[in-house]
Amino acid sequence: MLLIGNGTVLTLGKSNQVIPKGGVLIQDTKIIEVGSTQDLQTRFPDAEFIDARGKLIMPGMINTHMHLYSTFARGMDSKSKPPKSFGDILEGLWWKLDKLLSIEDVYYSGLTPLIECIKTGTTTIVDHHASPMTITGSLFALSKAAKEIGVRAAFCYEVSDRDGEEIANEGIRENVDFIAACQANPEPMVAGMFGLHASLTLSDKTLAASSEAAKSLGAGFHVHVAEGKEDLEDCLDKYGMRVVERLEKFDILGPKTIAVHCVHIDDHEIDILKKTQTQVVHNPESNMGNAVGVTPVLKMLEKGVQVGLGTDGYTCDMFESGKVANILHKHAAADPSVAWGEVPQMLYGNNPEIASKLFGGKFGELVEGAWADVIVVDYIPPTPLNANNWTGHLLFGVSGRSVETTVINGRVRMLDRKLIDIDEVAIGERSRELAQGVWNRI
């Protein structure tokens, strides 16, 4: 039994309580009680105690779109001309990198950002993987990395026709094998989805085969949707329809599917996403960095589409993603009054619901029966903190590096900024060696 106490408990979720000098009692993988630290210590004197020293105790953060494989791009010279379009970025950077990854590269490219997740309080991720010359076993390698580091994670392989039909079919098989393995041995720390790259790299034949394979497993999809204008233009030119319309035609959409980005969509497509109950994930930093445009997040939320928040591999820090989303949509709308409520809803409301559909159980709230994903944040509020204003405190006062302690599934992964049972130095040394090898092959 573990008691994290002597802090300001921010429960979030429906209970939405702020409990001064509060504590969270954990047994095995679940929260069993939340309340006064003094009361919990009196009734459970033998519980192991983590002293928050007056700081924030809150639910772990969730990233609903991540690319672990992008790790080795950090600092890399892609030896390409400066990009002038999103297509240039794909061809000059990501499609160069992913072809060079070995299984060991995939494994180590997962370890380092998973450690960064722990350091920034991200306890759950939904990853989207690509390594077209090393597909078979790649999701299992990433799953191994996640289990060793201790971050809750869902994985998929991005099926694409850009390297030919044989490789596309291998991607389908990897998704099927991994999802089937997860279903045969279900556990709360790992889940599988069926990955697709994007409409512009997927033929009708491959989409149909993927749809059939996923349907046989009852699995949902994880797919990039109209991220750049190239995706929309390709779909209109080749198929005479828009991207969301094409995905609906092949039964890709639905309540188990995550449609990522959705930058270049219109009102009709938003209505389709709403009708099919498809989940959308917004990635503000990536969209800005790639200069692809602004996702119509405010309109989607207004129409009742469930929109979550991710990073697209740009960062592991979900507090940072929330800050950027807040200012991006104010700037884009030229209206300082927007995004105050919408961004917290995506980050602290919708992300937990998306995670719950994948893993089962309750996320994003410190309440009896929820998964024991808890973080302690080094933040002593300079003004009153209450159930009506906590969003402002988190927005302006907290960043990922403020996290001191991270507990995932009841397991302490970082305590007072010290990683537990993780040799970060050794992992970093081998990661740099492998990265240099990849760079030498560019």
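Looking only at atom types and distance, the side chain of His65 has a donor-acceptor partner in the side chain of His67 under 3.5 Å away. Side-chain contact annotation: Asn63 with Thr122, donor-acceptor N/O pair under 3.5 Å absent. Donor-acceptor pairing under 3.5 Å is lacking for the side chains of Trp95 and Asp163. At a cut-off of 3.5 Å, with distance as the only test, no side-chain donor of Lys55 or Thr8 sits close to an acceptor on the other residue.
Between the Asn290 side chain and the Val292 main chain, no donor and acceptor come within less than 3.5 Å of each other. Under the 3.5 Å distance criterion, the side-chain polar atoms of Lys323 are matched with a main-chain donor or acceptor of Leu395. The closest donor-acceptor contact from the side chain of Glu174 to the backbone of Leu139 lies under 3.5 Å. Panel note: side chain Thr112, backbone Ser109; no donor-acceptor pair is recorded below 3.5 Å. Thr11 contributes no side-chain N or O that, together with a main-chain N or O of Ser15, makes up a donor-acceptor pair within less than 3.5 Å. For Glu227 (side chain) and His261 (main-chain N/O), no donor-acceptor pair under 3.5 Å exists by modelled atom type. Judged purely by atom type and a 3.5 angstrom limit, Ser321 uses its side chain to pair as donor or acceptor with the backbone of Gly310. Between the side chain of Glu353 and the main chain of Asn350, no donor-acceptor pair closer than 3.5 Å is present. Here the side chain of Ser210 pairs a donor or acceptor atom with the backbone of Thr206 at under 3.5 angstrom. With hydrogens and angles ignored, the 3.5 Å screen pairs no side-chain donor or acceptor of Lys330 with any backbone N or O of Ala325.
Here Lys238 pairs with Asp234 in a salt bridge; the nearest charged N to carboxylate O distance falls below 4.0 Å. Under a 4.0 Å N-O distance rule, the pair Asp317/Lys119 does not qualify as a salt bridge. Between Lys299 and Glu302 there is no salt bridge, since no side-chain N of the basic residue sits under 4.0 Å from a carboxylate O of the acidic one. Between Glu269 and Arg242 there is a salt bridge, since a side-chain N of the basic residue sits under 4.0 Å from a carboxylate O of the acidic one. Look at Arg152 and Asp373 and you find a salt bridge, because one of the NZ, NE, NH1 or NH2 atoms lies within 4.0 Å of a carboxylate O, short of that distance. Using a cutoff of 4.0 Å between basic side-chain nitrogens and carboxylate oxygens, Asp204 and Arg246 are scored as salt-bridged. Classification of Asp251 and Lys215 as a salt-bridged pair holds, one side-chain N sitting under 4.0 Å from a carboxylate O. A salt bridge is absent between Lys274 and Glu248: the closest approach of a Lys/Arg side-chain nitrogen to an acidic carboxylate oxygen does not fall below 4.0 angstrom. The residues Glu365 and Lys14 are annotated as not salt-bridged, no charged nitrogen and carboxylate oxygen being separated by less than 4.0 angstrom. Of the charged side-chain nitrogens involved, none lies within less than 4.0 Å of a carboxylate oxygen, so that Lys205 and Asp161 do not count as a salt-bridged pair.
Applying the side-chain hydrogen bond (donor to acceptor under 3.5 Å, both in side chains) test to Lys229 and every residue at least two apart in sequence or in another chain returns nothing. Under the rule for a side-chain contact (heavy atoms from CB on, under 4.5 Å), the partners of Arg441 that lie at least two apart in sequence or sit in another chain are Leu100, Asp105, Val438. For Asp28, the side-chain contact (heavy atoms from CB on, under 4.5 Å) criterion is met by no residue, not counting sequence neighbours.
In this structure, Gly308 and Asn351 approach most closely via the heavy-atom pair CA-OD1, 3.2 Å. The two atoms that bring Leu217 and Val176 nearest to each other are CD1-CA, 3.9 Å, heavy atoms only. Of all heavy-atom pairs between Val106 and Ala141, the closest is CG1-CB, 4.5 Å. The shortest heavy-atom contact between Ala339 and Pro344 is O-CD, 4.0 Å.
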Residue pair His197, Trp94: steps toward the ring-ring contact (aromatic ring centres under 6.0 Å, His included) verdict: CA-CA 12 Å; His197 175 243; Trp94 300 119; over 10 Å; no
So Tyr379 and His393, ring-ring contact (aromatic ring centres under 6.0 Å, His included) or not? Walk me through it. CA-CA 9 Å; Tyr379 179 66; His393 282 272; 5.8 Å; yes
Step-by-step side-chain hydrogen bond (donor to acceptor under 3.5 Å, both in side chains) determination, His282 to His329: CA-CA 11 Å; His282 176 43; His329 292 284; 2.9 Å; yes
Run the ring-ring contact (aromatic ring centres under 6.0 Å, His included) check on Phe140 and Phe178 step by step: do they pass? CA-CA 7 Å; Phe140 293 90; Phe178 186 73; 5.2 Å; yes
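The number of heavy atoms from other shown groups lying within 6.0 Å of CZ (Arg417) is above 12. Around CD of Glu433, the count of heavy atoms belonging to other residues, nucleotides or ligands within 6.0 Å exceeds 12. Other residues, nucleotides and ligands place no more than 12 heavy atoms under 6.0 Å from the CD atom of Glu165. Atom CD of Gln183 has more than 12 neighbouring heavy atoms from other residues, nucleotides or ligands inside a 6.0 Å radius.
Here the CD-CG distance, from Glu187 to Asn409, works out to 9.0 Å after rounding to the nearest 0.5 Å. From Thr123, atom OG1 reaches atom CZ of Arg411 across 14.0 Å, with rounding to the nearest 0.5 Å.
Geometrically, Lys30 engages Trp371 in a cation-pi contact defined by less than 6.0 Å to the ring centre and at most 45° from the axis. For Lys256 and Phe221, the positive end is not near the middle of the six-membered ring at less than 6.0 Å and at most 45° from its axis.
Between His128 and His224, the ring centre distance stays below 6.0 Å.
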